[in-house]
2 protein chains.
Amino acid sequence: MNQQALKKYDSGKYRTPDGYTSDIAVFTIHSEKREHKPPIVSMMLMLIQRTEITAEGTPNIEGGKWALPGGFVQPDETALEAAHRELLEETGVRGIHMKHYGVYDRPGRDPRGWILSNAHYAIVPEDVLKGRKASDDAEDVQLFRLEDLKSIQLAFDHEQLISDAIREIRSDLLQTTAAKNFLPEEFTYSELQAVLLTVTDDPAIKSEQSFARKIKTLPFIQEAEGKTTARTSKKPAKLYRFVEMDIIKPIYTARY
Amino acid sequence: MNQQALKKYDSGKYRTPDGYTSDIAVFTIHSEKREHKPPIVSMMLMLIQRTEITAEGTPNIEGGKWALPGGFVQPDETALEAAHRELLEETGVRGIHMKHYGVYDRPGRDPRGWILSNAHYAIVPEDVLKGRKASDDAEDVQLFRLEDLKSIQLAFDHEQLISDAIREIRSDLLQTTAAKNFLPEEFTYSELQAVLLTVTDDPAIKSEQSFARKIKTLPFIQEAEGKTTARTSKKPAKLYRFVEMDIIKPIYTARY
DNA sequence: AAAATAGTGTCTCTTAGACACTATCGG
DNA sequence: CCGATAGTGTCTAAGAGACACTATTTT
């Protein structure tokens, strides 16, 4: 009976979109080491510069402008799968944290027609971006400090996508255990603290001593018993791990 | 130059989706009054039952099963706008809280083809659903208590959409000021408490005295000076209002 | 010894949350 | 005056966050 219904379904009854795409905001944390000073830690976003000319030799849409990497979703995959595939194609990176954060479908957002975009953000440790390469459609691939994004020309509505991505990652870093994706499996309290300080200046997180104490009481962080590292200081430091759990901290019970 | 690029763009280069739809999980809170006892307050979800036969007299896809209201997005609107329009068409409700929470695009999720769905949830006060009516495609419209959803036949992948919606609204009620959409402009602490208790059993929220005290210290809630109501009890109770602001409460600084 | 990060001792102030109590009003 | 909801008084234990201090290692 569903079979009959199926035959009768007329897909021409409604206009259909001209394209279904996935875009990806790839974030990484860059740590700039300095002699005799603490490193400068900042969050960076990867962008690609669109070529002026396509592979076929014709002028490219929004050529020369910077954009989030992305591309068309294929009928046999989800937008999230497409995002993973495209990130792999664009940068050679696989198996990293990826999260959908928005749909962009405002009529007229893309001059090529009715084109829908699913926006994702990805978090990659800094070193995996070392081996990145420009692809066919990209003139150049580059990391930008978030503060520097204001001064560059962005394609389509990517200014909007990027500002939404930044808001989303900020909130996720502070309200979920997403920070683990910026860190090695086992990390010191100061490494976690450095990640969080890229998105907040909360005094409780800023104070070394408070944070060193607090980390031991958090139910979603576990001490790696007996293990230490000296990679962040001369004195060996304890290592911690994230424990998988989801956390809802009601705003109605917290302190202000 | 972008003009030339535009002409050259071949939209047939990629396969395009067969449909772009919006679905809406409409939640309301039902308060069942009882003689000499506190009311039973529970969260309800509105579903429609799909007709067995379409308007054209042919068997309907997934006929007889229950589903979220929704429909096709038109090229001149966003999915969010479509969700508002469809809710208005289905139920006569307008201007209410609506939030996108997910994209459903798994290949094969809809037997009619490559059909994408944007899922939204909406929050409506109970009384506006009074005037609801079944539309062309719907046999019946009904509110279900969340616990009762397990026992009914759901169309397409709506079981997934619904369980995601419940998780999303639960988290939003506790971590944002979304609860205001279930309440009148000005409300008593016990009314807010009743809403929150539909999604949590946190002792700090459950205890009347704790909650009555806590509400006065929350920066996003303001006392309506001098105003009281007797609608919830014999003794007149103070009224409160939500103040617009966005709140990020880091999990790293909270108490456990 | 100096420099740098890791981490603890201890104090003060605030808050959570429990328990007992009072307040207001309708029936 | 009973019952129901609203709201306060008061206590205790726990935590936040600040400051001063100690610990471990490299140069």
Side-chain angles (χ1 to χ4, degrees), chain A residues 31-41 186-197 200-219 221 223-240 249-256, chain B residues 31-41 186-197 200-219 221 223-240 249-256:
Chain A
S31 182
E32 190 179 327
K33 302 258 178 348
R34 296 176 303 167
E35 284 300 317
H36 305 302
K37 300 228 167 150
I40 298 176
V41 177
E186 300 187 328
F187 51 88
T188 67
Y189 81 82
S190 62
E191 289 173 325
L192 172 57
Q193 188 185 22
V195 170
L196 298 178
L197 287 178
T200 188
D201 57 358
D202 188 313
I205 289 174
K206 222 166 181 175
S207 154
E208 283 174 35
Q209 297 96 323
S210 288
F211 198 74
R213 279 211 171 86
K214 189 73 199 181
I215 198 169
K216 291 186 226 160
T217 74
L218 299 173
I221 291 183
E223 207 176 309
E225 296 289 346
K227 297 201 194 168
T228 58
T229 182
R231 67 174 172 254
T232 57
S233 85
K234 290 149 189 182
K235 173 171 178 181
K238 283 188 192 148
L239 286 168
Y240 298 87
K249 228 19 266 174
I251 56 176
Y252 299 97
T253 64
R255 254 179 133 137
Y256 288 94
Chain B
S31 183
E32 191 179 326
K33 302 258 172 356
R34 295 177 305 168
E35 285 299 315
H36 305 303
K37 298 225 171 153
I40 298 175
V41 178
E186 301 188 328
F187 51 88
T188 68
Y189 80 81
S190 63
E191 289 173 325
L192 172 57
Q193 188 186 21
V195 170
L196 299 178
L197 287 178
T200 188
D201 56 358
D202 188 312
I205 289 175
K206 223 168 182 173
S207 154
E208 283 174 35
Q209 298 96 324
S210 287
F211 197 74
R213 279 212 171 85
K214 189 74 199 179
I215 198 169
K216 292 185 227 163
T217 73
L218 299 173
I221 291 183
E223 210 176 307
E225 297 288 348
K227 297 200 193 170
T228 59
T229 181
R231 65 173 174 255
T232 57
S233 84
K234 291 153 189 182
K235 172 169 178 180
K238 284 188 192 149
L239 287 168
Y240 298 87
K249 220 39 250 178
I251 56 176
Y252 298 98
T253 65
R255 264 181 124 135
Y256 287 94

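Each chain gets a letter, A, B and so on, in the order its sequence line appears, and its residues count up from 1. Quick caveat: nothing in here was measured; it's all calculated off a predicted structure.
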Practice item. Would you mind reporting whether A:K238 and A:T188 have side-chain heavy atoms less than 4.5 Å apart? Key: no

Check your understanding: Is there side-chain contact between B:I215 and B:Y240, with heavy atoms separated by less than 4.5 Å?
Key -> yes

Mind calculating the distance between [atom1] ([X]) and [atom2] ([N]) to the nearest angstrom?
| X | N | atom1 | atom2 | result |
| --- | --- | --- | --- | --- |
| B:Y252 | D:dG15 | OH | P | 19 Å |
| A:Q209 | D:dA18 | CD | C1' | 8 Å |
| A:K234 | C:dA6 | NZ | P | 12 Å |
| A:K216 | D:dG15 | NZ | P | 14 Å |
| A:I215 | D:dG17 | CD1 | C1' | 17 Å |
| A:L192 | C:dG7 | CG | P | 13 Å |
| A:E208 | D:dA23 | CD | C1' | 15 Å |
| B:R213 | D:dA6 | CZ | P | 15 Å |

**Study point:** Residue whose closest nucleotide on DNA chain D lies nearer the 5' end, A:P203 versus B:E191
**Key:**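 Mapping each residue to its closest nucleotide by heavy atoms, the 5'-most match is B:E191.
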
Review point. Quick one: on DNA chain D, does A:P236 or B:K238 contact a more 5' nucleotide (nearest heavy atom)?
Key: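 Checking each residue's closest nucleotide, the 5'-ward one belongs to B:K238.
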
Point to revise | Phosphate contact (C:dA6 OP1 or OP2) by A:S190 side-chain N/O below 4.0 Å | key: yes

Considering every strand and a 4.0 Å limit on heavy-atom distances, what is the contact class for [X]: base, sugar-phosphate, or nothing?
| X | result |
| --- | --- |
| B:A212 | nothing |
| B:T232 | sugar-phosphate |
| A:A204 | sugar-phosphate |
| A:K206 | nothing |
| B:T217 | nothing |

**Study point:** Considering all heavy atoms, the nearest A:Y252-B:F211 contact
**Key:**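 Taking A:Y252 first and B:F211 second, the nearest heavy atoms are CB-CE1, 4.4 Å.
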
**Study point:** Distance-only donor-acceptor test (3.5 Å): side chain A:R231, base D:dT25
**Key:** no

Review point. Is B:E223 salt-bridged to B:K216, going by a charged N under 4.0 Å from an acidic O?
Key: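 Salt bridge absent between B:E223 and B:K216.
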
Review point. Rounded to the nearest 0.5 Å, how far apart are CD of A:E186 and OG1 of A:T228?
Key: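 The OG1 atom of A:T228 is 10.5 Å from CD of A:E186, to the nearest 0.5 Å.
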
